[in-house]
Participant: 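Quick one: the structure is below, questions incoming.
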2 protein chains.
Amino acid sequence: MAKSKKTYHHGDLRNTLLSAAEALLEQKGVGAVSLREVAKEAGVSHTAPYRHFVDKHALLAGLAEVGYGRLADAMDRCVDEQPDNPAKQLATSLQAYVALATRHPQMTNLMFGGVLKGHLCEGSLALESERAFNGLLRIIQNGQEAGLYISKDTEELAMFVWSLAHGFSMLISAGQMGELGNDEKAIQAILSNIGEMVITGIGV
Amino acid sequence: MAKSKKTYHHGDLRNTLLSAAEALLEQKGVGAVSLREVAKEAGVSHTAPYRHFVDKHALLAGLAEVGYGRLADAMDRCVDEQPDNPAKQLATSLQAYVALATRHPQMTNLMFGGVLKGHLCEGSLALESERAFNGLLRIIQNGQEAGLYISKDTEELAMFVWSLAHGFSMLISAGQMGELGNDEKAIQAILSNIGEMVITGIGV
DNA sequence: ACCTGAACACCGTTCAAGT
DNA sequence: ACCTGAACACCGTTCAAGT
């Protein structure tokens with residue numbers, strides 16, 4: 001019953017493929033993730049992946065699922081580390097969201113770039129994606145219960161905050177902000193101001 | 001000097017290619033836009049496009065440029081139609097941004113999905129992209145001059161609003177909001193609430 | 001100048017065949 | 001059950017050649 005590493009049957013091919021795919025993704029972007037290259041990297045024939053993923057999109061969806069899992073975990077950590085400070089939970093969750101996006105632009109692009117479209121609302125990918133949103137939802141809820149935020153529909157507040165974090169992250173990771181994209185210090189500064197504006201608004 | 005339509009030299013091939021590419025984009029997404037298919041649709045050999053675009057990315061960049069132009073025009077229109085009402089300018093620009101994104105999700109995906117990355121900060125694409133941002137910047141500035149918004153750095157306010165509009169649009173057009181993506185009425189309602197929160201914030 | 005056709009190295013996917 | 005190799009229809013890109 002020992003896990004032999006060199007049997008004809010690979011045994012852990014699925015995870016090996018996902019790791020190889022992530023390496024390719026990080027280094028060269030979604031466009032460079034080809035089933036054939038991933039298989040080669042995993043030391044296996046180019047048709048072997050079809051035993052674990054119905055097609056290329058399924059591989060990418062599996063990869064995105066890992067990314068969503070990390071995002072969800074990051075959200076949960078913001079709650080766990082400051083269980084009695086909802087304001088801090090919100091601030092750190094914004095930072096965490098943007099940090100993941102700027103540090104892993106290729107993964108972010110895969111998760112939100114529209115490559116998956118159809119696969120987003122089905123299966124385990126949808127579950128992880130929802131878990132990430134629920135993390136943020138809980139943070140908003142905590143703040144509302146502490147009397148920090150207006151008592152409008154919690155989901156709408158969450159969508160407001162999520163849109164903001166998401167838009168900012170995407171614009172940076174897509175290179176839309178120009179030179180700013182590489183200056184992590186500047187990003188932190190702007191993000192902190194944005195964090196204020198979320199609470200106070202831009203009205204006078 | 002009359003524009004003969006059936007010469008050996010096509011004459012307006014560049015625009016014909018762009019139109020064909022946009023049709024393909026709208027119908028089947030970025031993934032389906034292949035140089036060969038576009039050429040076939042334009043009734044020309046599969047290497048002819050190389051006379052007008054150095055490679056496939058250049059074609060996509062040209063297409064995105066059209067999209068950014070429309071976004072910029074939409075922003076300008078918001079100012080022109082309500083020259084003395086900055087609050088209305090902001091509200092309508094948000095609506096325009098989201099409307100373009102929900103009605104042309106494939107084009108939006110091309111513009112912001114990260115396919116272009118490197119090409120974003122170079123040439124005429126950068127110009128059109130900047131023109132769109134400047135439109136929003138002017139709207140914020142108008143509001144500040146009318147004493148409607150806090151007098152912080154205008155660019156930071158614009159980035160705040162842009163991130164919000166962008167994030168909301170992207171989440172919807174990427175199918176991240178679940179069933180909500182197809183319900184234009186519901187989107188309008190949420191957007192109007194978001195428009196309020198931009199001004200007042202979510203703080204109590 | 002502008003367009004073509006053959007050629008090359010890559011894809012994703014299918015399928016009969018091997019262990 | 002799991003993996004392979006040949007085969008097919010597609011790519012993007014290059015290049016000598018045609019008008």
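A note on names: the letters A, B, ... follow the listed sequences, proteins ahead of strands, and every chain is numbered from 1.
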Participant: Just distance, no hydrogens or angles: give the donor-acceptor pairs under 3.5 Å from side chains in residues 99-108 of chain B, sequence neighbours left out.
Facilitator:
{"residue": "B/T102", "atom": "OG1", "partner": "B/V98", "partner atom": "O", "Å": "3.0"}
{"residue": "B/T102", "atom": "OG1", "partner": "B/A99", "partner atom": "O", "Å": "3.2"}
{"residue": "B/R103", "atom": "NH1", "partner": "B/E184", "partner atom": "OE2", "Å": "2.9"}
{"residue": "B/H104", "atom": "ND1", "partner": "B/E26", "partner atom": "OE1", "Å": "3.1"}
{"residue": "B/T108", "atom": "OG1", "partner": "B/H104", "partner atom": "O", "Å": "2.9"}

Participant: Please name all residues satisfying side chain to side chain contact (heavy atoms under 4.5 Å, CB included) with B/N193, sequence neighbours left out, ordered by chain then number.
Facilitator: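 So B/N193 forms a side chain to side chain contact (heavy atoms under 4.5 Å, CB included) with A/K152, A/E156, B/E196, B/M197.
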Participant: Side chain of A/R36 only, please: which of D/dG12, D/dC3, C/dC11 is the nearest?
Facilitator: C/dC11
Participant: For B/D55, check salt bridge (charged side-chain N to carboxylate O under 4.0 Å, His left out) against everything at least two apart and list the hits.
Facilitator: none
Participant: How would you list, by chain and number, every residue that makes a side chain to side chain contact (heavy atoms under 4.5 Å, CB included) with A/A126, sequence neighbours excluded?
Facilitator: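 For A/A126 there are no side chain to side chain contact (heavy atoms under 4.5 Å, CB included) partners, ignoring immediate neighbours.
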Participant: Just jot down the salt bridge (charged side-chain N to carboxylate O under 4.0 Å, His left out) partners of A/E65, sequence neighbours excluded, or say none.
Facilitator: none
Participant: Take atom NZ of A/K40 and atom P of D/dT4, then tell me their distance rounded to the nearest Å.
Facilitator: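 Going from NZ in A/K40 over to P in D/dT4 covers 14 Å.
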Participant: Scan residues 126-144 of chain A for pairs that pass salt bridge (charged side-chain N to carboxylate O under 4.0 Å, His left out), counting only residues two or more places apart or in two chains.
Facilitator: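 Those involving residues 126-144 of chain A are A/D73-A/R131, A/D76-A/R131, A/D76-A/R138, A/E128-A/R131.
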Participant: B/P49 and side-chain contact (heavy atoms from CB on, under 4.5 Å): which single residue from B/L13, B/V54, B/L17 fits?
Facilitator: B/L17
Participant: Within this structure, what is the CG-to-C1' distance between A/L13 and D/dT4, rounded to whole angstrom?
Facilitator: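 Between C1' of D/dT4 and CG of A/L13: 13 Å.
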Participant: Applying side chain to side chain donor-acceptor pair (under 3.5 Å) to A/T92 and A/Q82, what does each step give before you reach the verdict?
Facilitator: CA-CA 10 Å; A/T92 52; A/Q82 299 278 347; over 6 Å; no
Participant: Rounded to whole angstroms, how far apart are CZ on A/R14 and P on D/dC2?
Facilitator: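 It works out to 13 Å between those atoms.
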Participant: So if I take residues 18-29 of chain A and measure heavy-atom distances to DNA chain C, which residues fall below 4.0 Å?
Facilitator: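 Those residues whose heavy atoms fall under 4.0 Å from DNA chain C, taken from residues 18-29 of chain A, amount to none.
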Participant: In whole Å, I'd like the distance from the CD atom of A/E37 to the C1' atom of C/dA9.
Facilitator: 13 Å
Participant: Test: ring pair (Phe, Tyr, Trp, His ring centres under 6.0 Å). Region: residues 108-138 of chain B. Which pairs qualify, not counting sequence neighbours?
Facilitator: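 Every pair satisfying ring pair (Phe, Tyr, Trp, His ring centres under 6.0 Å) with a residue in residues 108-138 of chain B: B/H57-B/H119, B/Y68-B/F112, B/F112-B/H166, B/F133-B/W162.
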Participant: Round to the nearest Å and state the distance from B/L35 atom CG to D/dC11 atom P.
Facilitator: 10 Å
Participant: Can you list the residues that meet the side chain to side chain contact (heavy atoms under 4.5 Å, CB included) rule with A/T200, with sequence neighbours excluded?
Facilitator: none
Participant: What parts of residues 45-60 of chain A reach DNA chain D, counting only heavy atoms under 4.0 Å away?
Facilitator: A/S45, A/H46, A/T47, A/A48, A/R51, A/H52
Participant: Name all residues meeting the side chain to side chain contact (heavy atoms under 4.5 Å, CB included) criterion together with B/A91; count only those two or more places apart in sequence or in a different chain, and write none if there are none.
Facilitator: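 Result, side chain to side chain contact (heavy atoms under 4.5 Å, CB included) vs B/A91: none returned.
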Participant: So what is the 5' to 3' dot-bracket string for DNA chain C, if pairs are Watson-Crick or G-U wobble with both distances under 3.5 Å, crossing pairs use [ ] and | means the partner sits on another strand?
Facilitator: ||.|||||...|||||.||
